[in-house]
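Remember, it's 1-based here, ligands and their atoms both numbered in the order they're listed.
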Amino acid sequence: MDLFGGNAAWTLGLIAGFVALLYLYGKRRKRLLKDAGIPGREPNLIFGAILDFVWKGLDFENKQRKEYGDVFGEWFGGFPMINVFDPDILKEVLIKDFDTFTDRMGFIDLDDYPLSTNMFSAKSDTWHRIRKIASPTFSAGKLRKMCRGINLCAQKLTRNFIRAAESGEEVDLKQYFGAFSMDAIGNTGFGIEIDSQNDFDNNFVRETKKVFDNAFFGNPFVFLIMLFPELRALAKWLGLGAFPRSTKRFFTQAVTEMIKQRKNEAKEDRERRVDILQLLLDAEEGDHQDGSKISDEAAQKSSSTLTTDEVIGQAFVFFLGGYETTAGTLQFIGYVLATQSGVQDKLAKEIYLVLGEEDPDYDNIQGLVYMDRVVSETLRLYPGVMATNRYVSKTTTIKGWTFPEGAYVNVPIIFLHRDPEVFPEPRKFKPERWEKKAEINPMFYQPFGHGPRHCIGMRLALVEVKIALVHLIRSIRLVRLKDTPDELTEFKVTGILQPKTPIKLKIELR
Ligand code: HEM
């Protein structure tokens with residue numbers, strides 16, 4: 001029987017030829033790490049190691065390290081990654097030779113303008129300019145002023161937990177903490193009241209969540225680009241983006257509206273503002289004495305100005321960073337408090353002794369030493385961002401290893417945090433480890449990364465987390481359910497650490 005209408009031989013020949021070409025191309029492309037002498041498994045020519053991450057979870061990387069040592073290669077789809085566990089090499093990459101390793105992979109680079117101008121994805125000089133402009137947002141002085149807004153959001157969070165305690169309903173931690181962190185970033189960063197704590201399905205929360213749901217396996221198209229990064233130019237040309245269209249539209253419109261409103265405010269009101277948006281707008285308006293709009297080209301050339309589109313891109317990444325990782329961290333802390341006996345009471349005692357009835361603020365929370373250890377230990381066990389990376393911009397040799405141009409150095413944050421040599425019994429929650437913090441090599445602990453490109457929101461996140469904990473622990477107690485596991489072992493495969501099943505707890509009044 002001739003299935004192909006007489007052209008079977010031709011069709012089969014074409015298919016076989018295409019598969020052979022794909023195979024040869026994959027084999028050639030995947031030589032980069034091997035040629036540089038980086039050890040590692042023979043990669044799957046299409047998927048690299050992605051399928052192993054999916055099937056084998058966290059154990060996969062541990063096994064690899066045992067087999068190959070502190071430096072080994074792994075293809076993440078079509079991206080050549082060099083995993084580094086050696087602290088001296090990490091220090092060289094993240095700090096000492098930062099100029100060679102300035103950029104990171106960021107979000108997949110597609111047609112996402114203006115959101116794609118965000119600092120997380122920005123490259124070289126553009127990144128330097130944006131980072132320099134945005135950094136003062138998180139100075140101690142600015143953070144002090146943001147505490148009032150964070151306290152208001154934390155009080156609302158506590159009222160929601162009290163309501164749940166009174167009604168006996170179970171609390172989905174991510175939902176409650178997600179709404180809190182979204183309200184907090186809206187208030188401190190943009191001077192707006194999002195009020196997602198009274199509406200869990202608020203537009204800001206919904207559109208931000210979509211970005212993470214859409215990453216990696218959530219969007220077959222993004223996944224295809226991860227396997228074949230060479231298709232990026234075509235995808236861009238076709239107008240395809242890594243973020244959902246609705247998210248792009250929503251953030252562009254929302255931030256444009258915020259900018260418009262801010263510009264219509266009286267000068268004195270604007271000058272009183274201490275938030276991220278004002279700082280970005282001050283940079284955007286930097287050169288305009290006459291109120292006219294600066295051209296994109298001129299802004300990009302100047303070292304102290306941003307284009308309007310860049311303001312939108314930064315606002316977007318601050319909403320993302322401000323929401324997901326902070327909410328995730330609070331969720332893991334909530335889980336730890338409910339499952340580790342004695343920790344909540346010890347925290348309550350410390351809060352009483354150090355703060356009395358005072359509202360927490362930037363200065364007095366520095367006295368909460370035990371709380372700092374609990375937060376640090378939770379971030380060690382469950383770092384919100386599992387890994388970060390740096391692009392090798394020119395072939396460089398460190399400690400005898402050749403890092404070839406075009407590869408990425410992968411900083412395996414969660415695995416560094418679970419190194420048994422540095423953290424004995426690594427899977428156990430032991431806040432007392434941090435009594436001797438000075439003895440821990442900082443390269444093995446980096447929930448916020450390290451070096452000039454570490455997390456810009458680190459201090460804000462820690463202040464938010466601690467203020468929220470003070471309010472909560474004064475009023476309520478988190479209680480595990482019958483089916484709450486003793487240890488969290490199942491996570492979704494994305495760059496962000498998320499438990500496979502939502503963490504739910506019961507709440508009791510204190
Ligand atoms: C507990 C909460 C948070 C965690 C665990 C976290 C973690 C991280 C990590 C690991 C990186 C990569 C650092 C590196 O490559 O060395 C990063 C980058 C970044 N984070 Fe955070 N983050 C948190 C909260 C925040 C907040 C609240 C914001 C903003 C308001 C934020 C904004 C950013 C930005 C913009 C970058 C890119 C910085 C750059 O490339 O210069 N993050 N974060």
Side-chain angles (χ1 to χ4, degrees), residues 84 90-91 93-95 98 101-107 115 117-135 137-138 142-143 146 149-150 153 177-178 180-190 208 212 275-277 279-280 310 313-333 375-376 378-391 408-414 416-417 442-443 445-469 495-498:
V84 174
L90 284 173
K91 199 167 177 190
V93 168
L94 294 173
I95 302 171
F98 180 70
F101 301 93
T102 307
D103 299 334
R104 74 162 75 79
M105 194 187 293
F107 301 106
L115 304 190
T117 61
N118 73 79
M119 180 196 313
F120 190 84
S121 304
K123 310 266 182 274
S124 348
D125 291 349
T126 307
W127 171 78
H128 274 288
R129 172 173 54 87
I130 295 175
R131 176 92 189 200
K132 200 168 126 223
I133 290 168
S135 288
T137 310
F138 302 96
K142 291 251 164 48
L143 288 172
M146 290 180 189
I150 301 175
C153 298
F177 288 133
F180 160 73
S181 50
M182 184 53 85
D183 283 4
I185 191 69
N187 183 309
T188 56
F190 301 89
T208 308
F212 293 99
D275 57 19
I276 297 170
L277 182 62
L279 199 101
L280 297 175
E310 282 172 342
Q314 308 327 306
F316 167 67
V317 85
F318 285 132
F319 272 111
L320 283 197
Y323 169 75
E324 182 66 36
T325 44
T326 312
T329 300
L330 274 163
Q331 161 196 240
F332 288 124
I333 296 176
V375 173
S376 302
T378 310
L379 279 166
R380 180 191 70 78
L381 260 178
Y382 305 114
V385 178
M386 291 171 72
T388 186
N389 61 74
R390 295 289 186 271
Y391 179 70
Y408 293 84
V409 173
N410 188 45
V411 184
I413 298 177
I414 191 165
L416 292 164
H417 287 192
M443 288 301 126
Y445 181 69
Q446 34 182 325
F448 297 99
H450 268 306
R453 203 156 184 173
H454 77 284
C455 172
I456 195 171
M458 174 179 78
R459 296 209 288 176
L460 172 63
L462 291 173
V463 170
E464 269 182 39
V465 163
K466 289 179 182 177
I467 289 184
L469 287 177
I496 301 286
L497 194 71
Q498 298 185 60

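Atoms of ligand 1 found under 4.0 Å from any heavy atom of W127, numbered from 1 in the order shown, are 39 (C), 40 (O), 41 (O).
The protein heavy-atom contact nearest to atom 35 (C) of ligand 1 is I456 CG2, 3.6 Å. At the shortest separation from atom 23 (C) of ligand 1 among protein heavy atoms lies T325 OG1, 3.1 Å. For atom 38 (C) of ligand 1, the nearest non-hydrogen atom of the protein is R131 NH1, 3.5 Å. The protein non-hydrogen atom at the shortest distance from atom 36 (C) of ligand 1 is F120 CD1, 3.8 Å. Considering only non-hydrogen protein atoms, atom 10 (C) of ligand 1 sits nearest to P447 O, 3.3 Å. Counting only heavy atoms of the protein, atom 6 (C) of ligand 1 lies nearest to F448 CD2, 3.7 Å. Scanning the protein heavy atoms around atom 19 (C) of ligand 1, the nearest turns out to be C455 CA, 3.8 Å. In terms of protein heavy-atom proximity, atom 1 (C) of ligand 1 is closest to T329 OG1, 3.2 Å.
The minimum heavy-atom distance between P412 and A387, with the atom names listed, is CA-CB, 4.3 Å. F138 and A134 get closest at one heavy-atom pair: CD1-O, 4.1 Å. Residue H454 comes nearest to G449 through the heavy atom pair CB-C, 3.8 Å, listed as atom of the first residue, atom of the second, then distance.
The heavy atom nearest to atom 12 (C) of ligand 1, out of those in H454, R459, R104, R390, is found in R104. Among M105, M386, R453, the residue whose heavy atom lies closest to atom 13 (C) of ligand 1 is R453. Taking each of Y382, F318, F332 in turn, the one with a heavy atom nearest to atom 29 (C) of ligand 1 proves to be F318.
Checked against a 6.0 Å centroid threshold, the rings of W127 and Y391 do not count as neighbours.
Considering L143, T326, T329, V375 as possible partners of L462, the one that fulfils the side-chain contact (heavy atoms from CB on, under 4.5 Å) test is V375. Of the listed residues (L115, N118, I456, I130), just one forms a side-chain contact (heavy atoms from CB on, under 4.5 Å) with V317, and that residue is N118.
At least one N or O atom of T388 sits closer than 3.5 Å to an N or O atom of ligand 1.
Atom CG of L497 and atom CD of E324 lie 10.5 Å apart (nearest 0.5 Å).
Contact check for I150 versus N187: no side-chain heavy atoms found under the 4.5 Å cut-off.
Both the sub-6.0 Å distance and the 45° axial angle are satisfied by R104 relative to the ring of F120.
When non-hydrogen atoms are compared, ligand 1 lies under 4.0 Å from neither the backbone nor the side chain of L94. Residue contacts with ligand 1, taken as heavy atom pairs separated by less than 4.0 Å, involve T326 via backbone and side-chain atoms alike.
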